Enquirer: 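Could you have a look at this structure, given as structure tokens, before my questions?
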Amino acid sequence: MVVLSQLALEPFSVIKTCKPIGLFSEIPVIDLTDPHAKTLIIKACEEFGFFKLVNHGVPMEVMTKLEALATNFFNLPQPEKDKAGPPNPFGYGNKKIGPNGDVGWVEYLLLNTNPQISSQKTSILQENPQIFRSAVEDYILAVKRMAFEVLELMADGLEIESRNVFSRLLRDDKSDSCFRLNHYPPCSELQALSGGNLIGFGEHTDPQIISVLKSNNTSGLQICLKEGTWVSVPPDQTSFFINVGDALQVMTNGRFRSVKHRVLADPLKPRISMIFFGGPPLSEKIAPLPSLMAEREGSLYKEFTWFEYKRSAYKSRLADYRLGLFEKTAGQ
């Protein structure tokens, strides 16, 4: 029998709530086949920076196959998983999130989505690495197609003449995108000790253009509304959730909001999530699109390259407001 002490909790942030946060029933749900999808996407991105996508076109067998393989990996003995780490930045990580002191009740695999860049670590992820690699490639290919369509519907909804203004950045061979598999183990003993909800992944926004998330049916994901209220997102293993990222907030001059979100660990059930982060090429200049700014409307942000923003973001803590360094001040 393992005896846990308060020392076991010290590395982890704990949220203590007076009352449980119920599931939020007002998350926008958008059918990708709906003729009005482009209008609904714009509204969701302006109000929440977040929406649920159904009838997305990604085959269920592609989703379930990769989730099963990911579950198999995370169920391996710890020494076997450690062979795929430490992350640099790609590979296996456990509890430590980034280089700046953030921790969470999570283990993960971070993978590059650029087929031109391979990692030796992927060769030891499974007994048959080709099966795992093939499942990842099939999943990412299908999710990318869906992401392109979502971004082009955004451009249509914003009445931008060039409907590939966003999607071209992810289609580019040098797109700096990545893919993350997260596992949040059950934590009943630690949660009982803490008297609160153990943080799996602390509050943050995603720096990229968009993030495409799929999870199993375990809850835990929460988003922060405009007024600062945290709400729990009902899980749905058949659907995807789309997050607006920091880069897209800048390109829309703040019209879309990059959603702050976090994950709380469940005391009894494991949570698996799979996230595609769609980023531009490192050399891409990020700035508000002139066509989206009204007459005499000024840019809220300085122009920067994705490399500059990414470098700045990875020097920060998870909860830091990263865009603050790139906002224009009066007179600029």
Side-chain angles (χ1 to χ4, degrees), residues 13 45-50 87-90 93 96-104 110 112 151 154 158 165-166 168-170 172 174-178 180 199 201-213 222-230 242-263 275-294 296-332:
S13 302
C45 290
E46 290 176 344
E47 179 64 25
F48 295 96
F50 180 87
N88 63 343
F90 301 109
K96 184 179 177 182
I97 303 171
N100 302 312
D102 289 297
V103 293
L110 185 62
N112 197 313
L151 289 170
M154 284 182 186
L158 291 168
V165 66
F166 303 127
R168 68 174 180 82
L169 302 175
L170 272 62
D172 195 297
K174 295 181 180 179
S175 165
D176 183 44
S177 299
C178 60
R180 188 178 185 110
I199 291 182
F201 212 107
E203 65 178 74
H204 64 287
T205 60
D206 295 334
Q208 292 86 356
I209 296 171
I210 65 167
S211 309
V212 181
L213 177 144
Q222 297 184 342
I223 63 169
C224 187
L225 304 181
K226 278 184 177 179
E227 68 272 18
T229 303
W230 285 96
I242 309 294
N243 292 4
V244 170
D246 295 346
L248 189 55
Q249 176 172 319
V250 171
M251 294 180 77
T252 60
N253 205 34
R255 184 170 169 181
F256 289 0
R257 59 186 294 263
S258 182
V259 63
K260 187 185 293 183
H261 54 288
R262 66 188 181 193
V263 176
I275 313 104
F276 169 72
F277 298 94
L282 289 172
S283 60
E284 186 70 27
K285 292 180 179 178
I286 307 296
L289 299 174
S291 61
L292 294 183
M293 291 193 286
R296 290 193 289 276
E297 178 186 354
S299 169
L300 299 177
Y301 305 95
K302 308 168 190 175
E303 182 179 89
F304 53 86
T305 65
W306 171 240
F307 174 78
E308 291 169 333
Y309 189 65
K310 184 178 179 182
R311 180 176 58 186
S312 174
Y314 286 104
K315 288 180 180 177
S316 65
R317 298 291 298 267
L318 267 181
D320 289 348
Y321 178 55
R322 305 183 187 108
L323 279 176
L325 296 173
F326 297 88
E327 290 177 341
K328 283 189 174 181
T329 57
Q332 286 187 311

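Owing to the predicted nature of the structure, the values given are computational and were not obtained by experimental measurement. By convention here, the first residue in the shown sequence is residue 1.
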Enquirer: Do Val250 and Pro288 make a side-chain contact, defined as non-hydrogen atoms from C-beta onward lying under 4.5 Å apart?
Expert: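 Answer yes - side chains close enough.
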Enquirer: Taking Ser175 for the side chain and Pro281 for the main chain, is one N or O donor matched with an acceptor at less than 3.5 Å?
Expert: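 Between the backbone of Pro281 and the side chain of Ser175 there is no qualifying donor-acceptor contact (under 3.5 Å).
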Enquirer: Could you list the residues that satisfy salt bridge (charged side-chain N to carboxylate O under 4.0 Å, His left out) with Arg317, not counting sequence neighbours?
Expert: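 Counting only residues at least two positions away or on another chain, Arg317 forms a salt bridge (charged side-chain N to carboxylate O under 4.0 Å, His left out) with Asp102.
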Enquirer: Taking only residues two or more places apart in sequence or in another chain, which ones pass side chain to side chain donor-acceptor pair (under 3.5 Å) with Glu297?
Expert: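 If we apply the side chain to side chain donor-acceptor pair (under 3.5 Å) test to Glu297, skipping adjacent residues, the hits are Asn253.
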Enquirer: Do Asn243 side-chain atoms and Ser258 backbone N/O form a donor-acceptor pair below 3.5 Å?
Expert: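 No, the answer is negative, given that no donor and acceptor are paired below the 3.5 Å cut-off.
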Enquirer: Measure the spacing between CZ of Arg322 and OG1 of Thr205 and express it to the nearest 0.5 Å.
Expert: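 Spacing of CZ (Arg322) from OG1 (Thr205) equals 5.0 Å.
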Enquirer: Specify the closest pair of heavy atoms between Lys328 and Ser299, including all atoms of both residues, with the distance to one decimal.
Expert: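 Lys328 and Ser299 have their closest heavy atoms at CD-O, 3.3 Å.
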Enquirer: Heavy atoms only: give me the nearest Pro87-Pro89 pair and the separation to one decimal.
Expert: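 Taking every non-hydrogen atom into account, CB-O, 3.1 Å.
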Enquirer: Counting N and O atoms only, with roles assigned by atom type, does the side chain of Asp206 sit under 3.5 Å from a partner on the main chain of Gln208, one being a donor and the other an acceptor?
Expert: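 Answer holds: no.
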Enquirer: Treating Arg180 as the side-chain partner and Phe277 as the backbone partner, does any N or O pair qualify as donor plus acceptor under 3.5 Å?
Expert: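 Looks like no, no N/O pair under 3.5 Å.
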Enquirer: Within the distance-only criterion (no hydrogens, no angle test), does the side chain of Thr229 pair as donor or acceptor with the backbone N or O of Leu225 below 3.5 angstrom?
Expert: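 No: the side chain of Thr229 does not pair with the backbone of Leu225.
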Enquirer: Who passes ring-ring contact (aromatic ring centres under 6.0 Å, His included) against Phe201, sequence neighbours left out?
Expert: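 Testing Phe201 for ring-ring contact (aromatic ring centres under 6.0 Å, His included), a comparison that skips the adjacent residues, returns His204.
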Enquirer: Working to the nearest 0.5 Å, report the span between CG of Leu300 and OG1 of Thr252.
Expert: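 Here the interatomic distance stands at 9.5 Å.
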Enquirer: Consider ring pair (Phe, Tyr, Trp, His ring centres under 6.0 Å). Of Tyr301, Tyr309, Trp306, which one does Phe326 pass it with?
Expert: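 Only one option passes, and that is Tyr309.
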Enquirer: Where is the tightest heavy-atom contact between Ala313 and Pro207, given as atom of each residue plus distance?
Expert: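 Nearest pair, atom of Ala313 first, then Pro207: CB-CB, 4.5 Å.
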Enquirer: To the nearest 0.5 Å, what is the distance between CD1 on Ile286 and CD1 on Ile209?
Expert: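 Result: 6.0 Å between the selected atoms.
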Enquirer: I'd like to know whether Ile210 forms a side-chain contact (heavy atoms from CB on, under 4.5 Å) with Phe166, so could you lay out the CA-CA distance, the side-chain angles of the two residues, the decisive distance to 0.1 Å, and finally the verdict.
Expert: CA-CA 10 Å; Ile210 65 167; Phe166 303 127; over 6 Å; no
Enquirer: Could you go through the side-chain contact (heavy atoms from CB on, under 4.5 Å) check for Met251 and Leu169 one step at a time?
Expert: CA-CA 12 Å; Met251 294 180 77; Leu169 302 175; 3.9 Å; yes
Enquirer: Quick one: CD on Glu203 to CG on Leu318, what's the gap to the nearest 0.5 Å?
Expert: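 If I round to the nearest 0.5 Å, the distance is 9.0 Å.
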Enquirer: Rounded to the nearest 0.5 Å, how far apart are CD1 of Ile97 and CG of Leu110?
Expert: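 Answer for the CD1-CG pair, Ile97 versus Leu110, is 12.0 Å.
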Enquirer: Using a 3.5 Å distance criterion without hydrogens, assess whether the side chain of Glu308 forms a donor-acceptor pair with backbone atoms of Thr305.
Expert: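 Side chain of Glu308 to backbone of Thr305, a donor-acceptor pair under 3.5 Å: yes, one is there.
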Enquirer: Which is it for Leu292 and Phe256 under the side-chain contact (heavy atoms from CB on, under 4.5 Å) test, yes or no, and what are the steps along the way?
Expert: CA-CA 11 Å; Leu292 294 183; Phe256 289 0; over 6 Å; no
Enquirer: Might you work through the side-chain contact (heavy atoms from CB on, under 4.5 Å) test for Phe276 and Leu170, ending with a clear yes or no?
Expert: CA-CA 11 Å; Phe276 169 72; Leu170 272 62; 4.0 Å; yes
Enquirer: Within this structure, what is the CZ-SG distance for the pair Arg262 and Cys224, rounded to the nearest 0.5 Å?
Expert: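 Rounded to the nearest 0.5 Å, the CZ-SG separation comes to 8.0 Å.
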Enquirer: State whether the side chain of Ser316 and the backbone N or O of Asp320 hold a donor-acceptor pair below 3.5 Å, judged by distance alone.
Expert: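 Not a single qualifying donor-acceptor pair exists.
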Enquirer: Hey, does the side chain of Arg257 reach the backbone of Phe48 with a donor-acceptor pair shorter than 3.5 angstrom?
Expert: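 Yes; at least one donor-acceptor contact below 3.5 Å.
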Enquirer: Could you tell me whether Lys226 atom NZ has more than 12 heavy atoms of other residues or ligands within 6.0 Å of it?
Expert: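 Enclosed.
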